[in-house]
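To start, the structure itself, in structure tokens.
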Amino acid sequence: MATERIEALLERTDPSFLKSCNTTEVQETGEGEIMAPYLIDCRRKQKHAFRQLCVVDDMIQLLAGLESVDQLLREPCPRNPGNNEARSAWKALKAEYQEKVQEVEGLINTLQARTEELQAKRKTLETLLSTLQIKKEECKEKERITAKRNQRAEKQISFQLEDSLQAAQNALNVCDLQLSKLKDEVEKQHARISDWTILRDGLQTLVSVTHRNMQYRLLSVSSSELCLELLPRAAEKSLEPLRVSITMTTSDEFHLQVFQGTAGLVEEAVDGRLRHVSAALVEVMERYISQGEMLSEIQALHSRFAIDWCPAEKLLIFLKTATTVCHLRVEEGYPSHGRATLLSVRKDGNLLDIAHHQPPVQHPVLTEWLEFLSSNPDI
């Protein structure tokens with residue numbers, strides 16, 4: 001089938017089917033020799049007539065602009081009586097004609113190149129066809145040789161059948177032994193599945209509790225570490241996300257690391273069994289939310305003042321100027337049950353007396369303290 005298609009393709013690309021683009025027939029009739037001088041003469045007459053029309057047009061325009069005969073006698077002859085616009089249009093048309101002629105010549109060269117390429121492909125196809133015929137004969141010879149070999153192989157197989165059956169029986173015994181081992185392994189895996197089922201139930205419980213108290217955003221995941229941001233619930237939108245990382249070990253244990261960042265919470269680490277990781281996350285988030293009012297105020301102060309918050313000592317350091325540093329302490333339970341007090345003010349390396357520097361309000365909060373200190377010119 002492939003051979004017939006190749007032969008049909010070669011017949012279609014035979015040079016006898018390609019029409020030559022010469023003018024032999026026209027030259028044989030003699031029409032070209034008659035028309036060429038005639039067209040050249042017509043072109044010369046048209047060009048001469050066009051120039052005369054241009055002169056007549058310029059004369060008509062000149063006479064139309066005269067008011068009297070005396071004006072024609074007094075004024076000098078125009079320097080350029082020709083029609084520049086018509087000449088420019090004629091030059092543009094001539095340039096366009098030359099461009100089209102070059103384009104046609106390029107197309108002719110391309111056609112000749114493609115014709116040569118087609119002839120080369122025809123020769124290649126003829127070579128491939130002859131090669132295919134040779135391969136076809138070789139394949140037939142190989143088929144005959146293969147048939148003889150198969151006959152000899154069938155005889156050998158009949159003698160090896162008993163040996164194969166014995167080997168199969170031995171393999172079956174080995175498979176039975178491996179099957180018993182696999183059954184023991186399956187029982188062990190079932191035991192592990194029960195443990196993972198308990199863990200899954202615990203995680204589902206944690207998910208329900210987590211959805212009630214918080215949301216999260218996953219930052220990165222690897223084979224042994226999980227980084228995420230815990231987002232406070234809708235009632236605590238003023239709090240910033242709390243970033244934590246969970247590292248899991250091969251012994252079904254976890255290491256939970258809390259990063260302080262700009263959240264203002266003490267950096268801490270929690271270790272435990274992997275099944276308790278959900279409870280640890282809930283505990284960390286509840287501790288963060290319990291200090292939400294204080295931490296949201298400190299987070300808001302970060303954008304207004306140059307402060308540094310030390311959560312372990314509950315100490316706030318306010319850098320008023322390059323030489324003035326104020327220290328404030330926050331009591332436990334602030335702001336509902338604790339107060340914010342000014343511990344010291346150090347200016348140019350010297351401690352100032354803070355007894356007379358108190359805000360006008362009673363029990364000021366951190367925001368009122370910082371506003372008072374930043375607006376007090378004596379500090």
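Since we're looking at a predicted model, the values are computed, not measured.
- At distances below 3.5 Å, at least one donor-acceptor pair connects side-chain atoms of Glu368 with backbone N or O atoms of Val365.
- A 4.5 Å side-chain heavy-atom check between Lys136 and Leu132 finds every atom pair outside the cut-off.
- In this structure, Glu332 places its CD atom where only 12 or fewer heavy-atom neighbours from other residues, nucleotides or ligands lie under 6.0 Å away.
- Using modelled atom types, one finds no donor on one side chain facing an acceptor on the other under 3.5 Å when comparing Gln102 with Tyr97.
- Glu225 and Ser245 get closest at one heavy-atom pair: OE2-CB, 3.9 Å.
- In this structure, Tyr334 and Arg339 approach most closely via the heavy-atom pair CD1-C, 3.9 Å.
- Contact detail for Glu331 and Thr341: the closest heavy-atom pair is OE2-CG2, 4.5 Å.
- Taking the side chain as every heavy atom from C-beta outward, Val221 and Leu228 never approach each other to under 4.5 Å.
- Looking at heavy atoms from C-beta onward, Glu103 lies in side-chain contact with Lys100 at the 4.5 angstrom threshold.
- Residues Ser180 and Leu177 meet the side-chain proximity criterion, which asks for heavy atoms closer than 4.5 Å.
- Between Gln257 and Ala269, the shortest heavy-atom distance links the atoms OE1-CB, 3.5 Å.
- Val270 approaches Phe254 most closely through the heavy-atom pair O-CE1, 3.8 Å.
- Side-chain atoms of Ser303 come within 3.5 Å of backbone N or O of Ala300 as a donor-acceptor pair.
- Separating the OG atom in Ser224 from the CD1 atom in Ile246 is a distance of 12.0 Å, to the nearest 0.5 Å.
- Judged purely by atom type and a 3.5 angstrom limit, Lys347 has no side-chain atom pairing as donor or acceptor with the backbone of Val325.
- Considering OG1 of Thr324 and CG of Leu319, their distance stands at 8.0 Å, rounded to 0.5 Å.
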Derivation of the side chain to side chain contact (heavy atoms under 4.5 Å, CB included) call for Leu256 and Val244: CA-CA 7 Å; Leu256 175 64; Val244 300; 4.0 Å; yes
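- A donor-acceptor pair shorter than 3.5 Å cannot be found between the side chains of Gln160 and Gln156.
- Distance alone, capped at 3.5 Å, is enough to place a donor-acceptor pair between the Asn109 side chain and the Glu105 backbone.
- From Leu373, atom CG reaches atom CZ of Phe318 across 6.5 Å, with rounding to the nearest 0.5 Å.
- Formation of a donor-acceptor pair under 3.5 Å by the Trp309 side chain with backbone atoms of Leu315 is not found in this model.
- With hydrophobic clusters built from ILVMFWY side chains whose heavy atoms lie under 4.5 angstrom apart, Trp196 shares a cluster with Leu226.
- Checking side-chain atoms of Asp57 against main-chain N and O of Leu53 turns up no donor-acceptor pair under 3.5 Å.
- Within a 6.0 Å sphere centred on CD of Glu162, other residues, nucleotides and ligands contribute 12 heavy atoms or fewer.
- To the nearest 0.5 angstrom, Asn376 atom CG is 11.0 Å from Gln358 atom CD.
- In terms of heavy-atom proximity, Ala340 sits nearest to Trp369 at O-NE1, 2.8 Å.
- For the pair Arg329 (side chain) and Glu313 (backbone), a donor-acceptor distance under 3.5 Å is present.
- Judged purely by atom type and a 3.5 angstrom limit, Ser374 uses its side chain to pair as donor or acceptor with the backbone of Leu370.
- The closest donor-acceptor contact from the side chain of Glu253 to the backbone of Met248 lies at 3.5 Å or more, if one exists at all.
- Judged by distance alone, the side chain of Thr127 and the main-chain N or O of Lys123 form a donor-acceptor pair under 3.5 Å.
- Residue Thr321 holds its OG1 atom at 7.5 Å from CG of Asp348, rounded to the nearest 0.5 Å.
- For the pair Met294 and Glu297, the minimum side-chain heavy-atom distance is 4.5 Å or more.
- Considering CG of Leu366 and CG of Leu342, their distance stands at 11.0 Å, rounded to 0.5 Å.
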Fill in: Test side chain to side chain contact (heavy atoms under 4.5 Å, CB included) applied to Arg346 and His327, step by step
CA-CA 9 Å; Arg346 187 178 295 273; His327 293 76; 5.7 Å; no
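- Within 6.0 Å of the CZ atom in Arg273, the count of heavy atoms belonging to other residues, nucleotides or ligands exceeds 12.
- Checking Leu352, Ile307, Val345, Leu316 one by one against Cys326, the side-chain contact (heavy atoms from CB on, under 4.5 Å) holds for a single residue, Val345.
- We find that Arg304 and Glu371 are joined by a salt bridge, their nearest charged nitrogen and carboxylate oxygen being less than 4.0 Å apart.
- A salt bridge is defined here as a Lys NZ or Arg NE, NH1 or NH2 lying under 4.0 Å from an Asp or Glu carboxylate O, and Lys121 with Glu117 meets this definition.
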query: Please walk me through it: do Arg122 and Gln119 pass side chain to side chain contact (heavy atoms under 4.5 Å, CB included)?
result: CA-CA 5 Å; Arg122 173 185 169 80; Gln119 293 297 330; 4.2 Å; yes
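- The residues Asp41 and Lys45 are annotated as salt-bridged, a charged nitrogen and a carboxylate oxygen being separated by less than 4.0 angstrom.
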Ile354/Leu343 under side chain to side chain contact (heavy atoms under 4.5 Å, CB included): CA gap, chis, key distance, verdict: CA-CA 8 Å; Ile354 61 175; Leu343 295 181; over 6 Å; no
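- A salt bridge between Glu185 and Lys181 is absent, with no side-chain N of the basic residue lying under 4.0 Å from a carboxylate O of the acidic one.
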